[in-house]
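For reference, positions follow the sequence shown, starting with 1.
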Amino acid sequence: PQPSLTSLPPNAVESEQALIGIVLSHPKSAAACHELTEEDFFEPLHGRLFKAIMGQWEASGTVTPLPLMSQFREDETLKTIGVPPSQFIAGLLANAQPHGSAPFLAKQIKNDAMLRRLAEMGQGLSARSYKPNVGETAADVAAEAIESIAQIAASGLEGKKSIRFNLHESVTNIAERLNNVFMHGE
């Protein structure tokens with residue numbers, strides 16, 4: 001089914017909150033989050049908070065809420081919703097799940113981020129297909145789309161070199177074949 005204009009892109013806001021709560025209450029759980037980035041979080045506040053938490057973890061091997069509360073005292077999102085950082089962080093801690101669920105939640109957040117990137121790429125591809133740049137062929141647009149898909153897929157294949165290599169090789173072969181078909185009719 002086609003998404004409606006009012007539907008939200010894939011996200012797991014509750015999982016983001018749960019993961020942050022886990023890492024705050026069980027700092028060693030941060031090790032399960034090494035593949036996540038601030039940009040992987042759907043809710044920007046969660047991304048900023050995650051980045052600050054991981055910064056603490058990397059600097060000291062631990063995470064404590066107090067520095068986060070002062071660091072987010074002037075956060076515009078928290079001001080807009082009228083929640084002090086101490087209350088927001090306390091809520092995350094109160095709803096923390098067992099620390100064993102951190103790897104699952106991290107994968108879910110990463111997966112949703114990849115799906116959002118694919119959706120954005122698809123929207124851009126659709127727009128470019130209707131209005132290509134001057135001199136741009138369908139093969140050019142297709143090759144760029146394939147490369148974008150490969151980059152998104154590779155971001156989810158951390159530590160799986162053979163799969164990543166085969167994916168890159170396949171993308172290269174497809175792009176060459178598209179170019180030959182459109183440029184030379186082969």
Side-chain angles (χ1 to χ4, degrees), residues 1-20 23 30 32-55 57-58 72 75-78 80-81 102-186:
Q2 289 285 338
S4 73
L5 293 176
T6 58
S7 63
L8 288 174
N11 70 83
V13 173
E14 295 84 9
S15 295
E16 294 175 5
Q17 293 171 340
L19 181 66
I20 292 169
V23 176
C33 305
H34 68 277
E35 290 184 18
L36 288 177
T37 66
E38 177 180 1
E39 293 77 24
D40 290 332
F41 288 78
F42 180 74
E43 172 55 52
L45 172 60
H46 296 160
R48 292 190 304 275
L49 190 54
F50 174 79
K51 182 179 179 182
I53 289 168
M54 294 305 285
W57 170 254
E58 290 166 4
F72 282 82
D75 187 85
E76 288 301 319
T77 303
L78 290 175
T80 300
I81 61 175
F104 170 78
L105 294 170
K107 285 179 185 173
Q108 182 181 15
I109 293 165
K110 186 68 164 182
N111 186 66
D112 284 350
M114 290 172 62
L115 289 172
R116 287 192 302 276
R117 289 180 189 115
L118 282 170
E120 290 167 6
M121 190 273 312
Q123 289 171 340
L125 175 63
S126 178
R128 281 189 58 204
S129 296
Y130 282 98
K131 289 191 172 190
N133 296 324
V134 175
E136 188 173 49
T137 67
D140 296 332
V141 175
E144 189 173 317
I146 291 167
E147 183 61 34
S148 294
I149 291 169
Q151 288 173 358
I152 293 167
S155 72
L157 297 174
E158 290 294 319
K160 299 174 183 161
K161 275 188 174 177
S162 62
I163 295 171
R164 227 178 17 227
F165 177 76
N166 290 337
L167 181 62
H168 178 73
E169 188 176 286
S170 297
V171 167
T172 302
N173 289 338
I174 291 169
E176 287 174 5
R177 288 175 58 200
L178 279 171
N179 191 40
N180 285 336
V181 166
F182 286 103
M183 298 305 284
H184 307 292
E186 298 173 4

Residues 113-123 vs side-chain hydrogen bond (donor to acceptor under 3.5 Å, both in side chains), sequence neighbours excluded, gives D40-R117

Nearest heavy-atom approach of P10 to F42 is O-CD1, 4.3 Å

Here the gap from L125 atom CG to Y130 atom OH, rounded to the nearest 0.5 Å, amounts to 11.0 Å

In this structure, NZ of K51 is separated from CD of E39 (nearest 0.5 Å) by 7.5 Å

The reported gap from CZ in F72 to CZ in R48 (rounded to nearest 0.5 angstrom) is 6.5 Å

On a heavy-atom basis, the closest approach of L105 and A18 is CD1-CB, 3.8 Å

Q | Side-chain heavy-atom pair C33, L19 within 4.5 angstrom cut-off | A | yes

Is any side-chain heavy atom of F50 closer than 4.5 Å to one of L36? yes

Interatomic distance, OG@S15 vs CG@D112, rounded to 0.5 Å, equals 7.5 Å

S126 side-chain N/O to G122 backbone N/O, donor-acceptor pair under 3.5 Å = no

request  = Show your reasoning for whether side chain to side chain contact (heavy atoms under 4.5 Å, CB included) applies to I152 and I149.
outcome  = CA-CA 5 Å; I152 293 167; I149 291 169; 5.7 Å; no

Separation between CG (L49) and CD (E38), nearest 0.5 Å, reads 10.0 Å

Correct closest heavy-atom pair for E43 and E16 would be N-OE1, 3.3 Å

Tightest non-hydrogen contact, residues M121 and S148, listed as CG-CB, 3.6 Å

When rounded to the nearest 0.5 Å, the distance separating CD1 of I20 from CD1 of I53 is 5.5 Å

